[in-house]
Amino acid sequence: MTEPPHDTFPVLERSGAPRPWRHRQGLVQLGLLALTLLAPLLAHLLGEAYYVNLATRIVLVAMAGVGLNLALGYGGMISFGHAAYFGVGGYAAGISAYHAFDGSLLMGLPGSDDMLVIWLVALLACGLLALVIGAVSLRTGGVYFIMITLAFAQMVYYFANSWPSYGGQDGLPIYLRNGLPMVDSQDPLSFFLICFALLLLAMAITSRLMASRFGAALTMARLNETRLATAGISPYPIRLTAFVISAMITGLAGALYADLNGFVSPAMLSWHMSGELMVIVILGGVGRLYGPLAGAIVYVLMETLLGGLTEYWQFFLGLVLLGVVLFARQGVIGWLAGGEPHG
């Protein structure tokens, strides 16, 4: 049997006695959540809507990273095509809002500007797409898995590029942000709180999954699939289930991201976006529950602060990423919190 992942919400061992590094990890995780929540609240009080939206972007990129981390960090599935789900989620929001705005029908059904409906559509669309892609790609491994996921993502990207009904390469504007019952989604702080709550939900689902028997099986599939098979459990459906859930989380983040920007375009489907998500997970800590949040904070702040000084800000990002790979293999979270190595 393998240990359940060390990076879950509870900070105590089953015996009830905390280890020193777990106490430190809990403080770091609490500090990250407090920073993510309090910074936009302060910006709102100061009337700085830009910084509230910046915090919202961090939260949404982190949520997309949480989805990728489930496949990459916990499942060992190096997917270079998660931008497909991020973009499909975005197009679900954009297309539904488009038909709701002009009153036209989509496949005989009216569009909707209700976030709950859009989230459901995004989850189903990304789940079905991931089921198809995963069913094919998970029959391979290593570099072949990476290239197949990338190939599928590029197919979706070029399809969106050549879809003139919804803007093609120019993208599709969302003229009015989709709404949520009893919530003013137009208010930057309210929208941030919606996204923050969904990020916490995505992290809680991941934590719960990895603390369950399913999580133990997924971990063993990553470490030694032969040993898992000899225990009577087929690794394939375990991995496929994790892959689909991973895609659905990333797709939900994409739907919210399109609402934040008021725009969706094929850029959300590009392999560059897949690369950004992978960089964020590696920066924060692969296989660490709070890794995507830490990575998103570092990435977005570097892009914002250094991008305002030079167009070559990625050079400095590369240096930071190189330092993480060489000297902090567990990412920012591992560097700050310490703890046992993952896996």
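Note that the numbering runs from 1 along the sequence shown for the chain.
- No continuous path of hydrophobic side-chain contacts links Val52 to Leu46 [ILVMFWY only; heavy atoms under 4.5 Å].
- At distances below 3.5 Å, at least one donor-acceptor pair connects side-chain atoms of Thr250 with backbone N or O atoms of Ala64.
- Between Met63 and Leu256, some side-chain heavy-atom pair lies under the 4.5 Å cut-off.
- A continuous path of ILVMFWY side-chain contacts below 4.5 Å connects Tyr158 to Trp271, so both sit in one hydrophobic cluster.
- Counting only residues at least two apart or in different chains, ring pair (Phe, Tyr, Trp, His ring centres under 6.0 Å) contacts with residues 297-326 comprise Tyr299-Trp313.
- Taking CD from Glu48 and CG from Asn53, the interatomic distance works out to 11.5 Å, rounded to the nearest 0.5 Å.
- Considering every non-hydrogen atom in both Leu32 and Ala294, the closest pair reads CD1-CB, 4.0 Å.
- Using a distance-only test at 3.5 Å, with no hydrogens or angles considered, no donor-acceptor pair links the side chain of Arg227 to the main chain of Met220.
- Relative orientation of the Tyr166 and His99 rings is perpendicular, given thresholds of 30° and 60° on the angle between their planes.
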Next on the checklist: Quick one, Leu289 with Tyr74, criterion side-chain contact (heavy atoms from CB on, under 4.5 Å). Give me CA distance, side-chain angles, the key distance, then yes/no.
Outcome noted: CA-CA 9 Å; Leu289 183 63; Tyr74 293 111; 3.8 Å; yes

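- Here the shortest heavy-atom pairing between Met273 and Ala83 reads CB-CB, 3.7 Å.
- Side-chain contact check for Val300 versus Thr304: some heavy-atom pair is nearer than 4.5 Å.
- Within a 6.0 Å radius of CG in Leu306, more than 12 heavy atoms belonging to other residues, nucleotides or ligands are found.
- The minimum heavy-atom distance between Gly251 and Ala122, with the atom names listed, is O-CB, 4.3 Å.
- Summarising the geometry, atom SG belonging to Cys126 is positioned 12.5 Å from atom CG belonging to Leu131; distances are rounded to the nearest 0.5 Å.
- Distance check, rounded to the nearest 0.5 Å: OG of Ser162 to CD of Gln169 gives 10.0 Å.
- Tyr257 places no side-chain N or O within donor-acceptor distance of the main-chain N or O of Met268, the cut-off being under 3.5 Å.
- In the hydrophobic clustering of ILVMFWY residues, with side-chain heavy atoms under 4.5 Å counting as a link, Leu37 and Leu200 come out together.
- Outside the 6.0 Å centre-distance limit, the rings of Tyr157 and His272 are not counted as a close aromatic pair.
- Taking 4.5 Å as the limit, some side-chain heavy atom of Val59 sits within range of a side-chain heavy atom of Phe192.
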Next on the checklist: Could you walk me through whether Leu116 and Leu180 satisfy the side-chain contact (heavy atoms from CB on, under 4.5 Å) test, starting with their C-alpha distance in whole Å, then the side-chain angles of each, then the deciding distance to 0.1 Å, before giving a yes or no?
Outcome noted: CA-CA 7 Å; Leu116 295 178; Leu180 192 65; 3.7 Å; yes

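- Side-chain N/O atoms of His82 and Thr149 include no donor and acceptor closer than 3.5 Å.
- In this structure the side chain of Phe263 never reaches within 4.5 angstrom of the side chain of Leu172, judged on heavy atoms.
- Closest of all the heavy-atom pairs between Asn69 and Gly287 is OD1-N, 2.9 Å.
- Considering all non-hydrogen atoms of both residues, Ile78 and Ile146 come closest at O-CG1, 3.3 Å.
- A donor and an acceptor atom, one from each side chain of Asn178 and Asp259, are located under 3.5 Å apart.
- Looking at Arg239, its side chain does come within 3.5 Å of a backbone N or O of Ala221 through a donor-acceptor pair.
- Contact of the Leu209 side chain with the Thr206 side chain is not registered, since no non-hydrogen atoms from C-beta on lie closer than 4.5 Å.
- Going from atom CG of Leu277 over to atom CD1 of Ile282 covers 11.0 Å, rounded to the nearest 0.5 Å.
- Counting heavy atoms from C-beta on, the side chains of Leu60 and Leu199 never come closer than 4.5 Å.
- Taken together through direct or relayed side-chain contacts under 4.5 Å among Ile, Leu, Val, Met, Phe, Trp and Tyr, Leu321 and Val332 form part of one hydrophobic cluster.
- When side chains are defined from C-beta on, Val320 counts as touching Met302, because their heavy atoms get closer than 4.5 Å.
- Ring orientation note: the planes of Trp163 and Phe159 are tilted relative to one another, at an angle of 30° to 60°.
- Of the inter-residue distances, the one linking Ser79 atom OG with Leu138 atom CG reads 9.5 Å to the nearest 0.5 angstrom.
- Within the 4.5 Å cutoff, no side-chain heavy atoms of His44 are placed close to those of Pro188.
- For the atom pair Leu124 CG and Trp119 CH2, the distance stands at 14.5 Å (nearest 0.5 Å).
- Phe191 carries Arg177 over the face of its six-membered ring, with the cationic atom under 6.0 Å from the centre and within 45° of the normal.
- When atom types are taken as modelled, the side chain of Ser246 and the backbone of Gly67 share a donor-acceptor pair closer than 3.5 angstrom.
- Residues Val121 and Val264 are members of separate hydrophobic clusters, defined by side-chain heavy-atom contacts under 4.5 angstrom among Ile, Leu, Val, Met, Phe, Trp and Tyr.
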Item to check | Verdict with reasoning, Leu33 to Tyr290, per side-chain contact (heavy atoms from CB on, under 4.5 Å) | outcome: CA-CA 9 Å; Leu33 289 179; Tyr290 286 77; 3.7 Å; yes

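- Of the possible donor and acceptor atoms, none in the side chain of Ser96 sits under 3.5 Å from a partner among the backbone N and O of Ala93.
- Under a cutoff of 6.0 Å and an axis angle of 45°, Arg139 and Tyr236 form a cation-pi pair.
- The shortest heavy-atom contact between Gly87 and Leu269 is CA-CD2, 3.4 Å.
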